[in-house]
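Note that the coordinates shown come from a computational prediction; the quantities given were computed from them, not determined experimentally. Along the sequence shown, residues carry numbers from 1.
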Amino acid sequence: MTFSIGVVGVGQFGGQFAHLFNLHPGVSEVFVVDERPERAAEAVERFDLAGAKSSFEDLLASDVDAVAIFTQRWTHGPLVERALRAGKHVYSAVPMAISEDEIARIIEAVRETRNVYMMGETSYYNPATVYARNQHEAGRFGRVFYTEGDYVHDMDLGFYDAYQYSGGDRWKETASYPPMLYPTHAIGGVLGALPAAHAVSVSCVGVKDDRQDGVFDKDVSMFGNDFSNATALFELNDGGVMRTNEMRRVGYPSHIRESRFRFFGTEASFEQLAKVTVWQDKANVHDISEQMESRPSMALDDPSLANVAPELRDAFVSGLAPVHDSDRLPEEFRGAPNGHEGSHHFLVDDFVTAVNTRTLPPVNAWTAARFTLPGIVAHESARRNGERLLIRDFGDAPVSL
């Protein structure tokens, strides 16, 4: 069984995902849409795709079965809802949305249309999360009572170039995107290992930027945001605690590892730094760094990365790690480009499998809400000087669509 898909936005990541969808044996045709027609035409030629559509509206009116959205991060919510209600299955890059209302509307659209929705959260497949999930399922942590998830990506390490690439002359207006509205690489890596847990309240402190270069400047920002860093402390439904950091001004080698995690249980713990990861019990410390090490899937100077800042290229070339179950992936993916610590192949395969079997993917609408909404509420808490706020939960995903 196969289906056709249209990829919306074929810039830096969208083009690579169009290529992976085209390689997957569960996909029959791949079309692309981009606000720059020449970019769409280039992707069609480079990856031997089925063709390009003139607009998002044209794509929704066509007979393609699914849509994959790789547009600017604050645009996803309304586009996802429109695509679902147009009868399409939907894959969306992160975040799911930027408001509680947008999240609620997506969940309602999934419930009413019974179409597949998946948020492409890379950290769910991060080697650290995979390892911690396996250990948790085996009961080796005991009770997990404290966790940490950090997304530490300094603006100087490629983000200036990325925002200029996508934002044009007015890029500074959008480069001020609030860190806690992009929370899923931190939260998803923690909750992705603890499937029964979700956040119920939060207190967050934002750090105001002082670079004075027009980025994170309230007078310039379309979001009215001047926080470049933020730290949130969440209460979980099981009585545990989760702390996350979203940092955009930080002396840290984010090109080596931009998401990192810690889990503390009553019987064992797990801790990760940029190049070292350890599993600890009450008797000893076990260096498991090698199991977390992803192998390159392509060269950093590959021509397909010409439009990607050198500081960002590691995220495009990282392949599978020993902890990954590579046997479950289609043979066609062997040697294909990968990225974000080996997650891209699993993201595509899980969405394709969900559509073709009409089942819920791992990061379905309900799970995506639990990865996304806590950050939205955390940002509001930071705007209120750390006031503790409750977080709505949309409940567990249904057993089936």
*For the residue pair N22 and F47, what are the closest heavy atoms and their distance?*
ND2-O, 3.0 Å
*Going by heavy atoms in the side chains, are E271 and F264 under 4.5 Å from each other?*
yes
*asked:* I want to know whether Y117 and W366 have ring centres closer than 6.0 Å.
replied: no
_For R249, the option from D213, D154, D210 that meets salt bridge (charged side-chain N to carboxylate O under 4.0 Å, His left out)_ = D213
_Donor-acceptor check, side chain of R313 to backbone of L300, threshold 3.5 angstrom: yes or no?_
yes
*Kindly indicate, with the supporting measurements, whether the criterion salt bridge (Lys or Arg N to Asp or Glu O under 4.0 Å) is fulfilled by R140 and E267.*
CA-CA 7 Å; R140 297 191 181 101; E267 302 302 319; over 6 Å; no
*Drop me the distance from H198's NE2 to L236's CG, to the nearest 0.5 angstrom.*
8.5 Å
*Between the main-chain N or O of P361 and the side-chain N or O of N364, is there a donor-acceptor pair closer than 3.5 Å?*
yes
*asked:* I'd like to check D349 versus P330 (side-chain heavy atoms, cut-off strictly below 4.5 Å). Are they in contact?
replied: yes
*Parallel under 30°, tilted from 30 to 60°, perpendicular over 60°: which one fits the rings of F17 and F13?*
perpendicular
*Under 3.5 Å, side chain of T372 to main-chain N/O of A369, donor-acceptor pair present?*
no
*asked:* When you compare the side chains of D350 and Y124, does any donor N or O come within less than 3.5 Å of an acceptor on the partner?
replied: no
_NZ on K218 to NZ on K208, rounded to 0.5 Å_ = 5.5 Å
*Does CG belonging to D169 count more than 12 external heavy atoms closer than 6.0 Å?*
no
*Taking the side chain as every heavy atom from C-beta outward, state whether H286 and V278 have any atom pair closer than 4.5 Å.*
no
*Please check if atom CZ in R82 has more than 12 non-hydrogen atoms from other residues, nucleotides or ligands closer than 6.0 Å.*
yes
*Under 3.5 Å, side chain of Y160 to main-chain N/O of Q164, donor-acceptor pair present?*
no
*Compute whether any side-chain donor of one residue and acceptor of the other, for E102 and H76, lie under 3.5 angstrom apart.*
no
*Would you find a donor on one side and an acceptor on the other, under 3.5 Å apart, between the side chain of T129 and the backbone of Y125?*
no
*For R114, look at atom CZ and say whether over 12 heavy atoms of other residues, nucleotides or ligands are found less than 6.0 Å away.*
no
*Is there a side-chain contact between V363 and F371, using heavy atoms and a 4.5 Å cut-off?*
yes
*Ion pair present between E293 and K275, side-chain N to carboxylate O less than 4.0 angstrom?*
no
*Atom CG of L389 and atom OG of S201: how far apart are they, to the nearest 0.5 Å?*
9.0 Å
*Less than 4.5 Å apart, any side-chain heavy atom of N356 and any of T353?*
no
*Between S221 and S176: side-chain donor-acceptor atoms closer than 3.5 Å*: yes
*Does anything in residues 239-248 pair up under side-chain hydrogen bond (donor to acceptor under 3.5 Å, both in side chains), and if so which pairs, sequence neighbours excluded?*
E148-R243, D150-R243, D150-N245, T231-N245, E246-R248
*Would you say the side-chain atoms of Y252 pair up with the backbone N or O of R257, donor to acceptor, closer than 3.5 Å?*
yes
*asked:* Can you give me the closest heavy-atom contact between L157 and S254, atom names plus distance?
replied: CD1-OG, 3.2 Å
*Test side chain to side chain donor-acceptor pair (under 3.5 Å) on S294 and E341 and set out the steps.*
CA-CA 6 Å; S294 62; E341 301 203 49; 5.0 Å; no
*On the 0 to 90° scale, with breaks at 30° and 60°, tag the F270-F263 ring pair as parallel, tilted or perpendicular.*
perpendicular
_Please verify the inter-ring angle class for Y163 with F159; under 30° counts as parallel, over 60° as perpendicular, anything in between as tilted._
perpendicular
_Atom pair NE2 (H89) and OG1 (T113), whose distance is rounded to the nearest 0.5 Å_ = 8.5 Å
*Heavy-atom distance under 4.5 Å between the side chains of E100 and F394, does that happen here?*
yes
*Evaluation steps, ring pair (Phe, Tyr, Trp, His ring centres under 6.0 Å), between W74 and F223*: CA-CA 10 Å; W74 56 91; F223 311 100; 5.6 Å; yes
*Begin from the C-alpha positions of R143 and T266 and carry the test side chain to side chain donor-acceptor pair (under 3.5 Å) through to its verdict.*
CA-CA 5 Å; R143 179 194 177 191; T266 54; over 6 Å; no
*State whether a side-chain donor-acceptor pair under 3.5 Å links S289 with D287.*
yes
Side chains of residues 27-41: which donor-acceptor pairs under 3.5 Å do they make with residues two or more places apart or in other chains?
unit_1: S28; atom_1: OG; unit_2: F3; atom_2: O; d: 3.2
unit_1: D34; atom_1: OD1; unit_2: R36; atom_2: N; d: 2.9
unit_1: D34; atom_1: OD2; unit_2: V10; atom_2: N; d: 2.9

_Beyond-backbone contact of P179 with N225, side-chain heavy atoms, under 4.5 angstrom_ = yes
_When you compare the side chains of R260 and Q272, does any donor N or O come within less than 3.5 Å of an acceptor on the partner?_
no
*Of V67, V352, L347, V116, the residue whose pairing with Y91 passes side-chain contact (heavy atoms from CB on, under 4.5 Å)*: L347
*Just how far is it from atom CZ of R46 to atom CG of D48, taken to the nearest 0.5 Å?*
13.0 Å
*Could you tell me whether the side chain of W279 reaches within less than 4.5 Å of the side chain of Q135, counting heavy atoms only?*
yes
*Quick one: does N115's side chain have a donor or acceptor within less than 3.5 Å of a partner on L84's backbone?*
yes
*Looking only at side chains, do S297 and N338 share a donor and an acceptor under 3.5 Å apart?*
no
*Angle class for the H185/Y182 ring planes (parallel below 30°, perpendicular above 60°, tilted otherwise)?*
perpendicular
*asked:* Does R383, at its CZ atom, have more than 12 non-hydrogen atoms belonging to other residues, nucleotides or ligands within less than 6.0 Å?
replied: no
*Just by distance, do the side chain of H345 and the backbone of L329 share a donor-acceptor pair under 3.5 Å?*
no
*What pairs with R133 under salt bridge (charged side-chain N to carboxylate O under 4.0 Å, His left out), at least two apart in sequence or on another chain?*
none
*Looking at F234 and A199, what are the two nearest heavy atoms and their distance?*
CD2-CB, 3.9 Å
*Would you say the side-chain atoms of D65 pair up with the backbone N or O of K88, donor to acceptor, closer than 3.5 Å?*
no
*Taking S203 for the side chain and R388 for the main chain, is one N or O donor matched with an acceptor at less than 3.5 Å?*
no
*Establish, from distance only, whether the side-chain atoms of T71 and T75 form a donor-acceptor pair under 3.5 Å.*
yes
*asked:* So, applying ring-ring contact (aromatic ring centres under 6.0 Å, His included) with F333, which one of H324, H24, H344 is it?
replied: H24
_For P374 versus I187, what's the shortest heavy-atom pair and its separation?_
CB-CD1, 3.8 Å
*Considering non-hydrogen atoms only, spot the tightest contact between F261 and A128 and give its length.*
CD1-CB, 3.9 Å
*Heavy-atom count around E45 CD within 6.0 Å, excluding the residue itself: above 12?*
no
*Approximate separation, where rounding is to 0.5 Å, of S269 OG and F145 CZ*: 8.5 Å
